[in-house]
Number of protein chains: 2
Amino acid sequence: MRKGIIKESPRLEDVAKRAGVSLSTASKALHDNPRVSAKTRQLVQRIAHEMSYTPNALAQSLINGMSGTVGLVTSDMSGRFCTQIMMGAENVLGSKSISVLLTNARNDPTLEAMHIRKLLSLRVDGLILMGRETDPRPSLSEDIPVPVVYAYAPSENPQDASVTCDNVDAGRMAVGHLLSCGRRRIAIIGGDPSFSAATDRTQGSLDALDEAGLEPVGPIRYGTWDGSWGRGATRLLLDDPDLDFDAIICQNDQIARGCIDVLKERGLKVPDDVAVIGHDNWKEIVDVARPTLTDLDNRAVDIGRRAAEMLIDAINGHPHHGVELLKCKLIQRESTVPLE
Amino acid sequence: MRKGIIKESPRLEDVAKRAGVSLSTASKALHDNPRVSAKTRQLVQRIAHEMSYTPNALAQSLINGMSGTVGLVTSDMSGRFCTQIMMGAENVLGSKSISVLLTNARNDPTLEAMHIRKLLSLRVDGLILMGRETDPRPSLSEDIPVPVVYAYAPSENPQDASVTCDNVDAGRMAVGHLLSCGRRRIAIIGGDPSFSAATDRTQGSLDALDEAGLEPVGPIRYGTWDGSWGRGATRLLLDDPDLDFDAIICQNDQIARGCIDVLKERGLKVPDDVAVIGHDNWKEIVDVARPTLTDLDNRAVDIGRRAAEMLIDAINGHPHHGVELLKCKLIQRESTVPLE
DNA sequence: ATGAAAGCGCTAACAC
DNA sequence: GTGTTAGCGCTTTCAT
């Protein structure tokens, strides 16, 4: 007898019987196999529709060895990077009608391993492992019998396929933009120095300054990624009488927000007196800030999208290797408008 | 011959052969069936582990008629409500080791229907349909052979199971809190009036004011959910010489943020001159605002959690009916601190 | 305690 | 064109 707690959906056999044909004919009919007469095909399809027959993908997968699903393992569903990466990935996967199994590993390697096991038992065709930082993470690919793509947090193993954003280049772009806005005296407020996102951005900024024959104004201080650090660091800059700057690069948007608040409190005009540029393009901050914040977007959605594409390639037998860096995108807003 | 493009994972048969036992004995051994000797059981389990055997959940599901997966259909992955609901749902589902299939319907009913079809063919044991507003939506449960729970956007059909937040009560609580902070002259800035979230909150606030023998100060204006409306509406209040208020209820955080900005621009102190309370507890706004924003949290994560619980109940044969309203939670921050 | 065999829902040879 | 049959990987009677 058939099991299942809930209502039973009709099986192909039920459709076949009603249509008065054999199981295999019904199957062929539904697959538009040319070896069934147009008549039977239409009949079967009509009946299948009437019975709202839905093929059992489990049975189908069991046969062809592919499930048509991929696993997404996030390390942090509350952060918005992972969310955006998910969106991007779901977008391309969904359009290829690949279903997405989502799990949240909460940045816990043990939990991550458990989830991966579960996903493997569901026979996902591939896996996207999403980190919440751009710092490299240990590879797991050796223990995983399906293709894996690392998103945002690249794998330490250069053989693996990873996608993340190009923070060094973002640092360069920040400087480049400020220079093209006519600023020459640029200060930098760093983020949390334990993140490569911070040190990479600094690196890029310093390179670009150097190429322009410039040095940053004042020391590059590091702190945390939040607004209060932005406030504090800005005060430190303002309180140093030796410092004279007309632009500040803030290594994320919370810092930038705090920075702008302090500048305004001190009676300085943004961007007239000091231009401010942020990183991460966090809509809720960037659009609400007055002036709105010019920003570098790390295109998390595109990272997700690209990860999905790379995964699909790998599933189709064309694996990628190494870390693919996506260029960040400059979003010009009010906080850096060129001096008139 | 066995198929599949990628590496093959070992089958139970492979394990059985290596252990020198039959297929069925191996199966029993792995399931701790007491009818196999401790010796064979250990042997089989060890070998299974060595070969890193992972049972094929597809095959298992095919047999027992349940897939151990549920479908999550979001209407909007970019908004943070759906994201939080997802988190909550994944949380309880994951803990019951039910896997989550995520799809994004982009608020498009056609796309939603397609995704549901796909999920049904994957034989999900249940479905959570997440809306991005609290306005009721058409029911689909009749066409779906598995249990469905509607989250955030409740179903129009009272027979269905829905969870969302209690906006009316949230409106009451906003007033209640301000009253208990000693405010009596309360103004209200509405959100987008086409949302029940706006009208419900107003309703609750008016009820609570009425019970206290009060009326709102000035007209209740509606606009959009964004910061510029908050700014504009606040100016309208301030520019009316007949109006005298010591508190403003803003129906979301963007509005509140704009409101505070204007109050400060006009030289008013928050909360000393005017207390401000927001709705939705949008961390990135609420914590960054100066002063930090007292707020009503609609507990989207808990909505997701509850939806998952209700779904599990239904899957286990104990369906829920009707709309379950979760009380919002007051988050006291600086913007309403009682006058000294 | 162990194994053989039937079957979950479906597809893909292979006959007719 | 259509039907019969043998699996996909696993669980589960039912014999032994």
Side-chain angles (χ1 to χ4, degrees), chain A residues 1-45 48 51 53-68 120-125 145, chain B residues 1-45 48 51 53-68 120-125 145:
Chain A
M1 218 215 2
R2 296 174 64 200
K3 296 207 198 160
I5 317 283
I6 318 290
K7 266 178 273 179
E8 296 292 342
S9 357
R11 299 155 304 160
L12 183 54
E13 188 187 333
D14 304 326
V15 176
K17 277 215 180 89
R18 270 242 232 159
V21 298
S22 79
L23 201 57
S24 60
T25 303
S27 172
K28 286 168 196 144
L30 290 180
H31 285 266
D32 288 320
N33 185 319
R35 283 162 39 156
V36 299
S37 69
K39 209 179 169 102
T40 21
R41 187 182 22 177
Q42 281 159 17
L43 174 69
V44 172
Q45 293 189 350
M51 303 175 71
Y53 165 75
T54 314
N56 187 326
L58 271 42
Q60 297 183 137
S61 305
L62 194 53
I63 292 169
N64 70 19
M66 309 226 72
S67 64
L120 290 177
S121 91
L122 286 164
R123 292 301 187 263
V124 292
D125 299 332
Chain B
M1 217 209 10
R2 295 173 65 201
K3 296 206 198 160
I5 317 281
I6 317 291
K7 268 178 273 181
E8 296 293 341
S9 357
R11 299 154 304 160
L12 183 53
E13 187 188 333
D14 303 326
V15 176
K17 277 217 179 86
R18 271 243 231 160
V21 298
S22 79
L23 201 57
S24 58
T25 304
S27 173
K28 286 168 197 144
L30 290 181
H31 285 267
D32 288 320
N33 186 319
R35 280 158 41 149
V36 298
S37 69
K39 209 175 167 108
T40 19
R41 186 181 24 177
Q42 280 159 19
L43 175 69
V44 172
Q45 292 190 350
M51 303 176 70
Y53 165 75
T54 314
N56 187 327
L58 271 42
Q60 297 182 137
S61 305
L62 193 52
I63 292 168
N64 70 18
M66 308 225 72
S67 64
L120 290 177
S121 91
L122 286 165
R123 292 302 187 262
V124 291
D125 299 331

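Chain letters run A, B, ... following the sequence lines, proteins first, then strands; residues in each count from 1.
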*Do any of residues 28-44 of chain A sit with a heavy atom less than 4.0 Å from DNA chain D, and if so which?*
A:K28, A:R35, A:V36, A:S37, A:T40

*Which heavy atom in A:A29 sits nearest to a heavy atom in A:V36, and how many Å separate them?*
CA-CG2, 4.0 Å

*Interatomic distance where CG belongs to A:N64 and P belongs to C:dG9 [whole Å]*: 18 Å

*asked:* Using a 4.0 Å cut-off on heavy atoms, which residues in residues 18-27 of chain B reach DNA chain C? List them by number, or say none.
replied: B:V21, B:S22, B:S24, B:T25

*Five pairs at each end of the helix from C:dA1-D:dT16 to C:dC16-D:dG1: take the axis at both ends and give me the angle between them to 10°.*
50°

*asked:* Rounding to an integer number of Å, can you tell me how far B:E13 CD sits from D:dG7 P?
replied: 11 Å

*asked:* Within the 4.5 Å heavy-atom criterion, are B:S67 and A:L58 side-chain neighbours or not?
replied: yes

*Looking only at heavy atoms, which two atoms of B:P55 and A:S121 are closest? And how far apart?*
O-CB, 3.4 Å

*Rounded off to whole Å, could you give me the CZ-to-P distance for the B:R11 and D:dG9 pair?*
5 Å

_Spacing of CD belonging to A:E13 relative to OG belonging to A:S22, to within rounding of 0.5 Å_ = 11.0 Å

*What is the distance from CG of B:L62 to C1' of D:dT11, rounded to the nearest Å?*
11 Å

_Straight-line distance of B:L62 CG to B:R123 CZ, nearest 0.5 Å_ = 10.0 Å

*Heavy atoms only: give me the nearest B:L122-A:A57 pair and the separation to one decimal.*
CD2-CB, 3.8 Å

*Looking at CG of A:L43 and CZ of A:R18, how far apart are the two atoms once the value is rounded to the nearest 0.5 Å?*
11.0 Å

*Euclidean distance, A:T54 OG1 relative to A:L12 CG, rounded to 0.5 Å*: 12.0 Å

*Rounded off to whole Å, could you give me the CD1-to-C1' distance for the A:I63 and C:dC10 pair?*
4 Å

*Nearest-0.5 Å distance that lies between atom CG in A:L30 and atom OG1 in A:T25*: 11.0 Å

_I need the NZ-P distance between A:K17 and C:dG9, as an integer number of Å._
11 Å

*CD of A:Q60 versus C1' of D:dG7: gap in Å, rounded?*
16 Å

_Note, B:N33 side chain near B:R41 side chain (heavy atom, < 4.5 Å)_ = no

*asked:* Assess whether a salt bridge exists between B:D14 and B:R11, defined as any Lys/Arg side-chain N lying under 4.0 Å from an Asp/Glu carboxylate O.
replied: yes

*Nearest whole angstrom, please: distance from the P of C:dC8 to the CG of B:N56.*
18 Å

